[in-house]
Amino acid sequence: MAHTAQGPQGVFFYDYNLEVHDQQVEILQGLRQKPKRISAKYFYDQTGSELFEAITELPEYYPTRTEIALLKQYRDDILQRAGEHSVLVEYGSGASTKIRLLLDALKPQAYIPLDISKDFLFDSAIQLKQLFPWLEIHATCLDYRQQATLPKQLPRQAKRVAFFPGSSLGNFSPEDAMGFLKNVRGTVGSHGALLIGLDLVKPHEVLNAAYNDSQGVTAAFNLNMLKHLNSLGRGSFQIDRFSHHAFFNPEESRIEMHLVSEMDQVVNLFGEQLPFKQGEHIVTEYSYKFTVEGFSEFAKQAGFDCTQVWTDANQHFALFWLDAVS
Ligand code: AVJ
């Protein structure tokens, strides 16, 4: 059920996020699996969103700065493809830092940031409005794994351009990624497009360093998920009884983030007793890594034509321009 609210002039808020009960079912289901699993979306409470912003500034974490350099370098090419006055839909907008690089050029009729972290999303929308007073913003809190519901009052004839930066598609299993891309194809329509940023397969030591930074920020980000679960489920997770473990799995072409139980212990959550063995793992994130050829082929199956790819000199990161195939 959507809760809507009006912010400052020209800023609209929508909340489609899961009710606590649904989160309870989802979280306990994951923790009953072997190995135990928790969706990466539970990283992003207020603290988690702030820790992720800190990760993007780490020397080892190259994706964000590499993508930002590509957006600046190819802004005019992107404008040529998007055209002016489109309707821009951004998935996982977070602090909306990257889109700021494109707004003056693209002059969209409306901008729809989608994110699961409600307070962070709404605060970012108000800040963005101060920087771009002419921009109509529809900040929509939802789990973008579901089909995005766009506001009814959007101009129908405007070109719909989806923006999915940061290689967040990497959190989906290949099956779910295909489902997600088909949802986006449905949302942008036959004349629409998708600009997506993806992290590319590269030497394992570079990947492993990006998820095991020397300052321990990624470890804090990973462990903070347990604090978030405690706040959602009156939990008794003790952070110092778990440790961060992240590594590149070449067979699956993905980074895996785990939390490891340092001892035999029982944790209460949502009124349930959850036993953990010493050395037992909780999988908190898969971050798949891509190749240009592999993803261009993959996008075709979702109804998109990859008409342009921009990469950095080291081939570490790529921006793909995907036109909807009508
Ligand atoms: C936001 C999913 C793209 O996988 O690189 C950063 C999240 N996890 N450090 C990623 C993350 C650990 C990030 N994504």
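Numbering of ligands and ligand atoms starts at 1, following listing order. We're numbering straight along the sequence, starting at 1. Since this is a predicted model, take the numbers as computed values, not measurements.
For the 3.5 Å distance criterion, the side chains of E26 and Y42 qualify, holding a donor opposite an acceptor. A donor-acceptor contact under 3.5 angstrom links the side chains of S214 and E60, judged on distance only. Side-chain contact of D199 with Y62: a donor-acceptor pair under 3.5 Å is present, judged by distance alone.
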Worksheet item: Checking side-chain contact (heavy atoms from CB on, under 4.5 Å) for the pair L232/I27: CA distance, chi angles, key distance, verdict?
Response: CA-CA 10 Å; L232 289 173; I27 291 166; 4.0 Å; yes
Could you tell me, for ligand 1, which of its N or O atoms are under 3.5 Å from any protein N or O, listing the pairs and their distances rounded to 0.1 Å?
from	atom 1	to	atom 2	distance (Å)
ligand 1	4 (O)	S287	OG	2.8
ligand 1	5 (O)	Y61	OH	2.6
ligand 1	5 (O)	Y211	OH	2.7
ligand 1	8 (N)	E285	OE1	2.7

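Closest non-hydrogen pair, K36 versus P275, comes out as NZ-O, 3.0 Å.
Both tests do not hold together for R81 against Y74: distance to the six-membered ring centre under 6.0 Å, angle to the ring axis within 45°.
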